[in-house]
Amino acid sequence: MNSNFKKDINDGLSSPIKTLSSKYFYDTAGDALFVKIMNLPEYYLTKAEFDIFKNQTQNIIKSLNIEPDTFFELVELGAGDGTKTKELLKVLISENYNFKYLPVDISNNALDKLKANLNTELPTLKVSKKQGDYFDVLDSLKASNHPKVVLFLGSNIGNMEDEQAKLFISKLSNSLNISDNVLLGVDLIKSKDIVLPAYNDKSGVTKAFNLNLLNRINNELDADFNIDAFSHQPEYTEKEGIARSFIVSNKEQEVRIGALDKVFKFKKDEKIHTEISRKYNDTILNTILENSQLKKVTKLLDSKSYFADYILIKS
Ligand code: AVI
């Protein structure tokens with residue numbers, strides 16, 4: 001990780017338009033800040049998807065190609081703390097479905113916590129954790145021929161550029177067998193007055209989450225970023241349907257990164273692009289699915305129609 005991290009930081013800060021990848025947000029401090037984000041009043045995404053999982057569990061189950069007597073694997077990519085999934089797991093257990101839950105996450109720490117929590121709350125559930133990057137884990141799905149349901153929730157796909165999302169979906173599709181399902185959770189395009197506060201909360205947690213990337217570079221690559229000399233700047237246009245986060249330099253300054261033995265110059269107001277959070281509608285989803293064998297079965301919405309869980313089938 002460290003050598004990739006070092007190379008990516010060097011490439012991103014050396015390019016004429018500076019960028020840093022949002023995949024590096026999630027160190028221990030970043031994980032904890034993201035948990036706080038999910039509980040913020042402005043961050044509607046988690047609450048909206050929880051509403052679908054809590055109130056439409058039967059609709060989810062009906063739309064999946066599963067039978068109580070046929071064993072299947074329930075794989076979750078980027079499982080996190082499993083709060084939403086537990087609503088589904090509880091009902092599947094109470095209805096005697098024969099399945100195993102396979103949470104996948106980049107963080108072993110998050111997986112251990114989830115497994116311990118599930119052992120206590122749902123002691124009869126069979127759980128097998130897999131640690132890794134989801135792109136890499138997809139290949140290992142092919143190893144078993146059991147029917148599968150793959151959960152990819154939380155609008156995690158929104159943090160990919162469209163080309164990358166297409167590639168990911170076709171790789172996911174190729175790793176599945178005919179009739180397997182995918183449950184894809186996406187945030188929907190809506191007005192700026194709802195989306196922008198979710199990325200610019202009053203209490204400053206999202207600001208700390210974005211700027212934590214500079215802390216991480218300081219800690220892991222021996223850099224001397226002065227965090228107070230940079231600001232958090234989120235942007236969103238409803239027309240495009242993409243929220244973008246930037247770190248902006250408050251003044252002309254130089255930062256030394258010891259591990260690269262290099263000094264980077266920042267102009268006053270120069271931006272570093274850190275994240276995209278793409279919002280979806282049916283047309284955009286169709287484009288992403290275009291070159292895959294995944295077809296839409298159902299679309300489930302929360303009570304405010306802010307968020308959608310699409311159920312897809314490989315055909
Ligand atoms: C993880 N991901 C879907 C979040 C999002 O909404 O794009 C990450 C996040 N970034 C700022 N706030 C939350």
Side-chain angles (χ1 to χ4, degrees), residues 19-50 52-53 76-85 103-107 110 114 133-135 151-162 164-165 168-169 183-192 194-216 230-238 240-248 271-280 284-285 288 302 306-310:
T19 56
L20 293 171
S21 167
S22 62
K23 75 177 176 201
Y24 294 121
F25 282 164
Y26 303 92
D27 64 353
T28 312
D31 282 346
L33 286 165
F34 185 58
V35 170
K36 280 195 176 175
I37 288 178
M38 290 193 287
N39 290 310
L40 288 170
E42 294 95 336
Y43 196 74
Y44 59 84
L45 288 81
T46 314
K47 291 171 253 308
E49 194 169 37
F50 182 78
I52 300 173
F53 270 71
E76 179 163 12
L77 304 177
D81 69 359
T83 310
K84 293 167 279 194
T85 314
V104 177
D105 208 286
I106 192 85
S107 157
L114 175 62
D133 180 274
Y134 6 95
F135 257 97
L151 309 178
F152 192 41
L153 309 180
S155 209
N156 281 329
I157 196 167
N159 297 130
M160 298 178 193
E161 299 284 349
D162 291 352
Q164 204 191 353
F168 176 80
I169 286 290
L183 206 164
L184 180 68
V186 295
D187 192 17
L188 297 174
I189 295 181
K190 65 186 85 60
S191 65
K192 192 170 179 169
I194 300 166
V195 176
L196 202 52
Y199 295 91
N200 200 23
D201 60 287
K202 285 208 186 86
S203 48
V205 181
T206 312
K207 174 183 174 190
F209 179 66
N210 194 16
L211 293 174
N212 179 53
L213 199 42
L214 304 185
N215 276 324
R216 183 169 183 183
F230 291 86
S231 307
H232 165 63
Q233 187 176 303
E235 296 175 6
Y236 174 74
T237 51
E238 187 175 347
E240 195 189 21
I242 299 179
R244 293 178 206 277
S245 288
F246 298 90
I247 292 174
V248 181
K271 290 168 153 187
I272 311 170
H273 181 212
T274 52
E275 187 182 47
I276 84 152
S277 294
R278 131 85 64 220
K279 311 301 168 194
Y280 277 80
I284 296 163
L285 185 77
I288 301 295
D302 65 291
Y306 280 0
F307 200 94
D309 277 305
Y310 285 94

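Counting starts at 1 for both ligands and their atoms, following the listed order. These numbers come from the heavy atoms of this one structure, side chains and all, not from hydrogens, waters or symmetry mates.
- Checked for salt-bridge contact, Glu238 and Lys192 miss the test: no charged N lies under 4.0 Å from a carboxylate O.
- Residue-level proximity to ligand 1 for Tyr43 is carried by the side chain, the only part with a heavy atom below 4.0 angstrom.
- Between Glu275 and ligand 1, a contact under 3.5 Å exists for at least one N or O pair.
- Between the side chain of Asp105 and the main chain of Gly80, a donor-acceptor pair closer than 3.5 Å is present.
- With respect to Glu235 and Lys271, a salt bridge is recorded, a charged nitrogen being found less than 4.0 Å from a carboxylate O.
- A donor-acceptor contact closer than 3.5 angstrom is absent between the side chains of Asn159 and Ser22.
- Side chain of Lys190 to backbone of Val195: no donor-acceptor contact under 3.5 angstrom is found.
- Under the 3.5 Å distance criterion, the side-chain polar atoms of Lys47 are matched with a main-chain donor or acceptor of Tyr43.
- Scanning the protein heavy atoms around atom 7 (O) of ligand 1, the nearest turns out to be Ser277 OG, 2.6 Å.
- Only the side chain of Asn159 comes within contact range of ligand 1, with a heavy atom under 4.0 Å; no backbone atom does.
- Of all atoms in ligand 1, numbered sequentially from 1 with element shown, those under 4.0 Å from a heavy atom of Ser155 are 3 (C).
- Within the listing of ligand 1, atoms 1 (C), 8 (C) sit less than 4.0 angstrom from a heavy atom of Tyr26.
- By the 3.5 Å distance cut-off applied to N or O atoms, Lys279 is not counted among the residues near ligand 1.
- Heavy-atom proximity to Gly154, at under 4.0 Å, picks out these atoms of ligand 1: 3 (C).
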